[in-house]
Amino acid sequence: MIEPNIDPKLLKPYDPKETEDRIYKLWEDSGYFNPDVCLEKGIINSDAEAFTLIMPPTNANGSLHAGHGLVMTIEDLIVRYKRMRGFKTLWLPGLDHAGFETQVVYERKLEKEGRTRFDIERNQLYQEILDFTLLNSSNIKGQVRKMGASCDWSREKFTLDDSIVKTVYQTFKKLYDDDLVYRGNRIVSWCSKHQTSFSDLEIKDEERIEPYYYLKYGPFTISTSRPETKFGDKYVVMHPKDERYAEYIDGQKIDLEWINGPITATIIKDENIDMEFGTGVMTITPWHDNVDFEIAERRGLEKEQIIDENGKLLPIAGEFAGQHIKKARGLIIEKLQNKGLVEKVEENYKHVVRTCYKCGTILEPQIKNQWFIKMKPLAEKALEVINQNRIEYIPDHYKKITVHWLENIMDWNISRQIVWGIPIPAKICNDCGHGMVDLDNTILKCKKCNGSVRVDQDTFDTWFSSGQWPFATLGYPDSNDFKTFYPTDIMETAGEIIFFWVSRMIMLGLYITGEIPFKKVYLHGLVLDAKGQKMSKSKGNVIDPLTLTEKYGTDAFRIGMIVGNTPGTSLSLSEDKIRAYKNYANKLWNITRFILSSTENVIYNENFNKYIEKENVLISERSEFISSITKEMDDYKFYIVGEKIYHYTWSRFADVIIEESKEIFLNGTPEEKESRAQFLIDTLSKILKILHPFMPFVTEELWSIIPVDNKKLLMVEKWPKAEKPEVLS
RNA sequence: GCGCGAUUAGCUCAGUUGGUAGAGCAACUCAUUUACACUGAGAAGGUCGGGGGUUCAAGUCCCUCAUCGCGCACCA
């Protein structure tokens with residue numbers, strides 16, 4: 001029998017739909033997401049230590065997926081915890097224009113409309129994608145709110161904001177002045193579908209089984225899986241120590257019959273040849289191969305382009321000119337066979353080809369005159385701080401992975417031939433190709449040869465701007481925010497982008513600010529479906545976080561994402577699990593209902609000190625519990641705390657303590673009743689506080705109902721302390 | 001080829017510095033005007049991938065093998 005005058009909401013099961021938006025508005029209206037407001041309103045002390053987390057800027061090209069759901073959950077949990085611990089807590093939200101990613105999404109949209117980006121004038125295309133992005137942005141921001149994110153919207157940044165672009169430009173200029181960025185002819189990976197180059201990270205290696213050809217090249221046999229690149233090969237290379245070819249000398253010319261007639265080839269002896277591989281002899285194609293390029297560069301050999309940017313053969317291919325390499329290969333082999341130049345064909349040669357990670361097109365190495373950052377000097381500084389353990393990796397094996405990558409780092413191609421992005425502020429000489437950074441648009445002649453110049457039409461690799469995110473968003477160098485909140489405390493993001501993003505932030509942060517950008521890196525794994533499969537639209541197993549929050553409530557979704565999810569490990573998301581936590585939210589609801597109905601005429605007193613022995617035992621147990629989970633929270637072991645608090649509430653508090661209270665309330669002495677009532681409310685209020693970072697909505701709602709004096713919003717209440725200080729030690 | 005992980009209950013995963021294996025979900029047996037069926041009580045389920053070593057003691061440390069996953073390189 002329920003007492004008539006308890007909050008009528010409690011008489012029905014917990015209804016997330018009725019609650020969540022209302023609670024979020026309460027929080028947002030309070031202004032407490034903003035640490036300055038917390039300070040102004042006396043929520044935190046004036047000398048409170050800062051705690052800063054910069055949100056990985058969300059790609060503004062779609063809607064929130066399960067991975068975002070995880071990011072928002074973990075980060076909001078961290079931030080709410082720190083806020084309750086009295087830190088001057090800033091969680092700065094942001095959006096990423098996500099250059100190439102967004103352009104690909106938009107191109108697919110265009111394709112459906114029967115258009116292509118190559119038919120659209122640059123400025124118009126830019127405007128269209130901008131509109132598309134802005135539309136998505138507001139959508140995404142709504143979804144981030146739905147997840148309960150307590151980020152400071154007043155400080156929100158977008159990668160294309162003027163202030164960010166300005167910082168990015170200054171960084172580029174500084175790199176240029178320090179001779180750390182150069183424009184040069186280098187091999188890049190070129191996607192003929194997307195018509196842009198990539199850095200070495202945006203590449204997907206794919207195993208292929210293809211024929212492998214052994215071709216007669218004068219007195220030699222060379223082997224290749226790509227005969228279509230061989231038209232211009234006029235250097236034949238072998239190892240200087242290779243006995244088999246001892247009779248040939250470096251620089252020697254030989255005449256031989258090749259695909260389109262007789263040619264003169266030059267013998268090159270080079271240490272970089274693997275004698276064990278194939279016949280130990282190869283011809284080189286410097287324009288379309290990394291290794292060949294390196295040899296040609298070092299030996300000063302001529303380079304010639306064979307394949308154009310669309311994957312078609314150039315005039316050097318003679319009768320094959322203009323044909324696409326895909327079609328040409330067979331025809332070329334046919335011709336070689338007719339000429340008796342094919343020695344043998346290995347039909348099932350297994351090798352790995354580099355493909356575009358978005359469209360699967362085989363990437364063609366091409367020599368391009370583009371901007372590259374010299375990474376070695378930047379990487380060395382990063383390695384130094386990492387080896388000094390000045391950045392903590394959670395889990396720590398990511399440190400090893402990072403060190404390995406940094407030790408073998410390659411120069412970073414930051415030029416992208418796409419419209420959607422931050423334009424590279426540079427002029428290029430029409431005569432000598434020299435590149436000059438020109439922030440004020442004042443360079444009119446080449447500084448090297450006095451030739452005429454043109455504006456660089458390329459945009460920056462999107463990771464170049466996001467790599468500067470921690471200091472760029474905080475208004476480096478003179479803003480108060482930068483002084484207060486940098487270096488940030490933690491970078492929480494997907495393990496997947498450890499190189500793309502995290503490592504580059506460390507390098508650029510150190511380079512520009514001289515300080516590490518964050519003290520800790522917390523890396524979460526992928527979110528997989530219940531069967532442990534990667535979610536993808538084509539498999540049809542994508543789980544939309546908003547469908548789950550709609551069905552089970554955001555709190556259930558959030559704690560379901562946390563429990564059992566260790567950092568760095570991928571998480572299988574099952575609906576059963578989320579449903580279980582929906583029941584938990586309702587359990588809390590009913591616990592509150594029971595406590596309020598059975599203690600209705602008790603006035604809760606936070607400083608109640610007449611507990612009888614029975615309660616003192618429970619308090620000491622609770623105290624131990626609080627101190628252990630507080631330590632685990634500080635160690636970022638949320639997966640354990642989530643499980644423990646669940647277990648404490650349900651199996652201990654509800655099933656045992658509340659059950660035995662029924663007897664006390666029925667037959668106990670007034671002292672026993674009073675003692676127990678105080679304990680129940682006190683414990684409930686502590687549970688709500690501990691649970692708040694995990695399940696912010698239901699806990700805030702219950703907090704508003706329970707009889708505690710001088711209540712603030714739960715989100716700014718203090719995290720409970722263990723009553724017995726000695727337990728803490 | 002080099003590197004990094006993983007292998008524990010049917011499934012998903014915990015297991016902190018070595019001290020006789022834990023949780024959720026699922027399945028099983030009971031209970032049923034109970035704060036809560038979005039429930040309660042109970043039971044079941046594991047030679048911790050194989051082998052070897054260190055130790056009084058190993059899921060945990062060392063070596064080795066196997067399988068799976070990922071990254072990097074090579075890919076003439």
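By convention in this document, chain letters (A, B, ...) are assigned in the order of the sequence lines, proteins followed by strands, and residues within each chain are numbered from 1. What's counted below: heavy atoms across the whole structure, side chains too, no hydrogens, waters or symmetry copies.
- Ring orientation note: the planes of A:Tyr648 and A:Phe625 are close to parallel, at an angle under 30° on the 30°/60° scale.
- Taking the ring centroids of A:Tyr646 and A:Phe694, they lie at or beyond the 6.0 Å cut-off.
- A:Val237 comes within contact range of no nucleotide atom at all, as no heavy-atom separation falls under 4.0 Å.
- Side-chain atoms of A:Glu659 and base atoms of B:A35 include a donor and an acceptor less than 3.5 Å apart.
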Task: Secondary structure string for RNA chain B (Watson-Crick or G-U under 3.5 angstrom, | for other-strand pairs) - done: (((((((..((((.....[..))))..((((.......))))......(((((..]....))))))))))))....
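- Nucleic acid contact for A:Asp635: none, since no nucleic acid atom lies under 4.0 Å from a heavy atom of the residue.
- Using modelled atom types and a 3.5 Å distance limit, the side chains of A:Ser199 and A:Glu202 yield a donor-acceptor pair.
- The aromatic ring centroids of A:Tyr217 and A:Trp258 lie less than 6.0 Å from each other.
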Open item on the list: Treating primed atoms plus P, OP1 and OP2 as sugar-phosphate and everything else as base, which nucleotides of nucleotides 7-13 of chain B get B, S or - for protein heavy atoms under 4.0 Å?
Closed with: -----SS
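- Residue A:Met238 is classed as having no contact, given no heavy-atom separation below 4.0 Å to the nucleic acid.
- Between the side chain of A:Lys587 and the base of B:C38, no donor-acceptor pair under 3.5 Å is found.
- A:Arg329 and A:Glu210 are joined by a salt bridge, as a carboxylate oxygen and a charged side-chain nitrogen come within less than 4.0 angstrom of each other.
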